[in-house]
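Atoms considered below: every heavy atom in the structure, side chains included; atoms not considered: hydrogens, waters and symmetry mates.
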Amino acid sequence: MRTAKLGPTERAESLAGMAERELDVLVVGAGVVGAGTALDAVTRGLSTGLVEARDWASGTSSRSSKLIHGGLRYLEMLDFALVREALKERGLLLERLAPHLVKPVPFLYPLQHKGWERLYAGSGVALYDAMSMTSGHGRGLPAHRHLTRSHALRIAPALKKDALVGALQYYDAQVDDARYVATLVRTAAAYGAKVANRARVTGFLREGERVVGARVQDVEGGGEYEIHAKQIVNATGVWTDDTQAMVGERGQFHVRASKGIHLVVPKDRINAATGLILRTEKSVLFVIPWGRHWIIGTTDTDWNLDKAHPAASSADIDYLLEHVNSVLSVPLTRDDVEGVYAGLRPLLAGESDATSKLSREHTVAHPVPGLVVVAGGKYTTYRVMAKDAIDEAVHGLDQRVAECVTEDIPLVGAEGYRALWNARARIAQRTGLHVVRVEHLLNRFGVLAEEIFELIAANPALGEPLPAAEDYLKAEIVYAASHEGARHLDDVLTRRTRISIETFDRGTRSAREAADLMAPVLGWDKDQIEREVEHYEKRVEAERESQRQPDDQTADAARLGAPDIVPR
C-alpha cells in the first residue's frame, strides 16, 4: 500500500489522472458516506475517483454530535434493525477499523420517576447491550449499570439533587467526525483512489439517457476537467436534490435538511466524570465529554436556507442552555460558551412534517443509467451505505466485481496503534515530547503520528504548541497542509483541528501563526497570508453576529455576510 500523503502535488496529480482515462466509479461528495464509498469501490479493485466541492467533511460530517452509537432512542421507535446494524458498526469501528479514532464514552441517564421508569429505561438499555453483544462486536464496552441517586451524584456532582431519583449508566462511543473523514479519504487514496477537494461538479456528461461523466471545476486553479466514468455515485447529502437537478432528475425520493446545533463549554463548567443524556419534549439532549470541554446538543428543526453555512440563532442557543440548566446545580450562561456549531442532517422526506420523525434509514437508487444516488442514514452506518451504493453501481458495470471487503480494512493509522499506545512512555523519551502530547497525537493519527515526530525531529520548533491554542502542536498545522489535503486556514482551524470551537476567541488569535506555518507548504506569499487571515476573521465575526439574531432568517442573513471563498 502506497503512502497516504495528500499534499498540493498529489491533488494536482489526482485531478489530472481522473481526466486521463475513464474511471470505473466517480464519487461526488466527500462527507463520510462519499469517502466511505470511494474506499469501498477502490478496495473491490475498481478504478475510483472522489471529488468534493469544498473540503473533506465540510458539510454535515464535521458538524455532528461526534457520537458513534446504535441510537438508543430508535429502540423506543421499535426500529430494531437500524439499532442492530448501527451497534455492529460501532463495534467494528472500536475494535478493528479505527481504534485510534473511535473511543468509548460513558453516559448517565437520570431517572425522574420511581419504579416504572427504572424498569422501562433499564429494559431498553439492557436490550441495547444485548443487541451489541449478539452483533459479535460488542465486547469492547462495559455493560450498563443501575445507580442510586447518591451514587449518581458522586460521579456527576453537577446535577441538582432534585433532578433525579436514581440513574442508569451505559456506554457508547465518540469520534472527531471531520478527522475520521479525512482519514477515510487518505485510506482510499492509499489503496489507489484519485481524490481532490475544492473540485466542484458543474454538470454531467451524457450520451443519450446515460450519464457517462462529470464536468469538474478546479476551484483553486480555475481549470475545468471532463472526467469520464462508467458509474457515478451522488453522495452529496443535503445537496442530493441539487446534484440530481443537474441531470434533470430529482430521483425517487426527496432529502430534507434538519438543523442541529451544539454548544462547546470548558470542562470545569460542569463537574462530572461522565456524559449525560437527558430527555426533552422533542428529542434527547446529550452532554458529551470532549477533551478539556463538553459538547452540548442537539436541536432538531427544519432548515430551508443556505445549506453550506447553516446558522445557529440566539433562540437555538437559549433552547439548549434552558434544557441543560434544568438539571444543573450551577447553571451555564452565554459567557460560558466557547464555541457554537450548526449542522444539517440529510433526512429522507416522508409524510411526517416533523424532522425528528423522518427516517434515519438510507436509500439507494439508480434514477438514470450511469448515476447512482445514496442518501439518508446516519454517520455510524456510513460503511453499510457505501457498500449498498457500490453494490448498486456494480449492476451497471460490464465486469465481475468482488464483494465488499471494508469490514476487514483498517483505516490508515490503525494497524499497530495499540502497540504504539503501549510504548507511549518510550516514545515520549525518544521524541522529547510530554507523554500527554504523545497520547494526543496517537489518538488523532494512530501510527501516522510517527510522521509528525519526523517533522519535529527535522525542525524542533514544530514541537511547540500553537499560540492561543495550546492543545495543538505547530507540527499538526504543517502536517494538515502537507499530508491531509488542507487548502485554507479555515480547513485547519475548523476541521483538521477544532480550534474554532475549542477557544473563546474562536481561533482568531491563532490564525496568523497557523497561516504562516501553512504558507511554505501551499506556496502562499504575504498577500495570500493576509487574505487567509482576513477571510477567517470575517467568517468568525459573521458567525458571532448570526448567533445574536433572534431567528433562522436573520441568523442566515448575518452568516452570509462573510465571503464563501478565499480570494487569490
Side-chain angles (χ1 to χ4, degrees), residues 4 32 56-57 61-62 64-69 90-106 140-142 171-187 264 267 273-275 288-295 379-380 410-456 462-463 465-466 469-480 483-484 486 492-499 501-502:
V32 72
W56 322 131
S61 295
S62 59
S64 73
S65 297
K66 313 198 187 321
L67 292 176
I68 297 293
H69 63 134
R90 184 190 73 178
L92 277 170
L93 292 168
L94 277 164
E95 296 169 15
R96 183 186 302 166
L97 303 186
H100 56 315
L101 302 176
V102 180
K103 304 294 179 181
V105 60
L141 295 178
Y171 279 77
D172 256 320
Q174 70 177 165
V175 70
D176 182 331
D177 47 8
R179 171 145 301 282
Y180 189 90
V181 174
T183 307
L184 258 183
V185 173
R186 293 184 70 187
T187 307
V264 182
K267 193 80 167 185
T274 177
I288 306 162
W290 182 253
R292 297 198 296 144
H293 316 268
W294 297 98
I295 293 175
Y379 196 108
T380 303
L411 271 57
V412 290
E415 208 72 67
Y417 158 74
R418 289 189 175 93
L420 280 193
W421 180 259
N422 292 342
R424 61 195 185 278
R426 278 209 328 271
I427 294 170
Q429 289 178 337
R430 168 168 62 87
T431 60
L433 296 171
H434 193 284
V435 70
V436 172
R437 293 283 186 196
V438 173
E439 291 174 351
H440 161 89
L441 293 171
L442 289 174
N443 284 333
R444 282 169 51 75
F445 304 99
V447 299
L448 296 181
E450 289 289 0
E451 296 179 343
I452 302 275
F453 302 145
E454 288 170 12
L455 284 176
I456 295 169
L462 295 180
L466 186 69
E470 298 197 347
D471 284 350
Y472 300 93
L473 298 179
K474 292 178 180 179
E476 294 176 77
I477 309 302
V478 174
Y479 188 80
H483 284 71
E484 297 183 324
V492 170
L493 297 183
T494 306
R495 286 173 291 278
R496 303 306 183 281
T497 71
R498 292 316 187 122
I499 293 168
I501 58 171
E502 292 176 350

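Side-chain contact, His440 with Glu476: a donor N or O sits under 3.5 Å from an acceptor N or O. Between the side chains of Tyr417 and Asn422, no donor-acceptor pair of N or O atoms lies under 3.5 Å. Between the side chains of Trp290 and Glu502, at least one donor-acceptor pair of N or O atoms lies under 3.5 Å.
With hydrogens and angles ignored, the 3.5 Å screen pairs no side-chain donor or acceptor of Thr431 with any backbone N or O of Phe453. Judged purely by atom type and a 3.5 angstrom limit, Thr187 uses its side chain to pair as donor or acceptor with the backbone of Val412. With hydrogens and angles ignored, the 3.5 Å screen pairs no side-chain donor or acceptor of Tyr379 with any backbone N or O of Val32. At least one donor-acceptor pair closer than 3.5 Å links the side chain of Arg186 to the backbone N or O of Ala4. Judged purely by atom type and a 3.5 angstrom limit, His483 has no side-chain atom pairing as donor or acceptor with the backbone of Leu448.
Judged by the 6.0 Å and 45° rule, Arg424 forms a cation-pi pair with Trp421.
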Item to complete: Could you give me the CA-CA distance, side-chain angles and deciding distance for Asn443 and His100, then say whether side-chain contact (heavy atoms from CB on, under 4.5 Å) is met?
Response: CA-CA 5 Å; Asn443 284 333; His100 56 315; 5.5 Å; no

Worksheet item: Which is it for Ser61 and Asp177 under the side-chain hydrogen bond (donor to acceptor under 3.5 Å, both in side chains) test, yes or no, and what are the steps along the way?
Response: CA-CA 6 Å; Ser61 295; Asp177 47 8; over 6 Å; no

Practice prompt. Given side-chain contact (heavy atoms from CB on, under 4.5 Å), test Tyr472 with Arg444 step by step and report yes or no.
Written response: CA-CA 11 Å; Tyr472 300 93; Arg444 282 169 51 75; 3.7 Å; yes

Discussion item. Under the criterion side-chain contact (heavy atoms from CB on, under 4.5 Å), I'd like the reasoning laid out for Ile295 against Ser65: C-alpha separation, chi angles, the key distance, then a yes or no.
Written reply: CA-CA 8 Å; Ile295 293 175; Ser65 297; 5.8 Å; no

Worksheet item: Between Ile501 and Thr494, does a side-chain contact (heavy atoms from CB on, under 4.5 Å) hold up when you go through it step by step?
Response: CA-CA 8 Å; Ile501 58 171; Thr494 306; over 6 Å; no

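Inter-residue side-chain proximity for Glu451 and Tyr479 is flagged as met; some heavy-atom pair is nearer than 4.5 Å. Proximity of Leu466 to Ile499: side-chain heavy atoms (C-beta onward) are separated by under 4.5 Å at one or more points. Looking at Lys474 and Pro465, their side chains never come closer than 4.5 Å, going by heavy atoms from C-beta outward. Side chains of Ile427 and Leu420 form a contact here, defined as non-hydrogen atoms less than 4.5 Å apart. Contact annotation: the side chain of Val105 approaches that of Pro289 to within less than 4.5 Å [non-hydrogen atoms, C-beta and beyond].
Taking every heavy atom of both residues into account, Ala414 and Ala98 meet most closely at CB-CA, 4.5 Å. The two atoms that bring Arg418 and Pro99 nearest to each other are NH2-CB, 3.4 Å, heavy atoms only. Ala475 approaches Leu455 most closely through the heavy-atom pair O-CD1, 3.9 Å. Nearest heavy-atom pair across Ser62 and Ala178 is CB-CB, 3.7 Å. Ala428 and His434 get closest at one heavy-atom pair: CB-C, 4.2 Å.
Distance CG/Leu93 to CG/Leu101: 9.5 Å, rounded to 0.5 Å. The distance from atom CG of Leu411 to atom CZ of Arg96, rounded to the nearest 0.5 Å, is 13.0 Å. Once rounded to the nearest 0.5 Å, the distance linking CG of Leu67 with OG1 of Thr380 reads 8.0 Å. The line from CG of Leu433 to CG of Leu473 is 6.5 Å long, rounded to the nearest 0.5 Å. Interatomic distance, Leu442 CG to Arg437 CZ, rounded to the nearest 0.5 Å: 13.5 Å.
Leu94 pairs in a side-chain contact (heavy atoms from CB on, under 4.5 Å) with only one of the listed residues (Leu141, Ile68, Val175), which is Leu141.
A salt bridge links Asp176 with Arg498; the closest basic N to acidic carboxylate O contact falls under 4.0 Å. Under 4.0 Å is where a charged nitrogen must lie from a carboxylate oxygen, and between Glu454 and Arg430 no such pair does. A salt bridge links Arg179 to Glu484: one of the charged nitrogens lies within less than 4.0 Å of a carboxylate oxygen.
Checked against ring-ring contact (aromatic ring centres under 6.0 Å, His included), Tyr180 has the following partners two or more places apart in sequence or in another chain: Tyr382.
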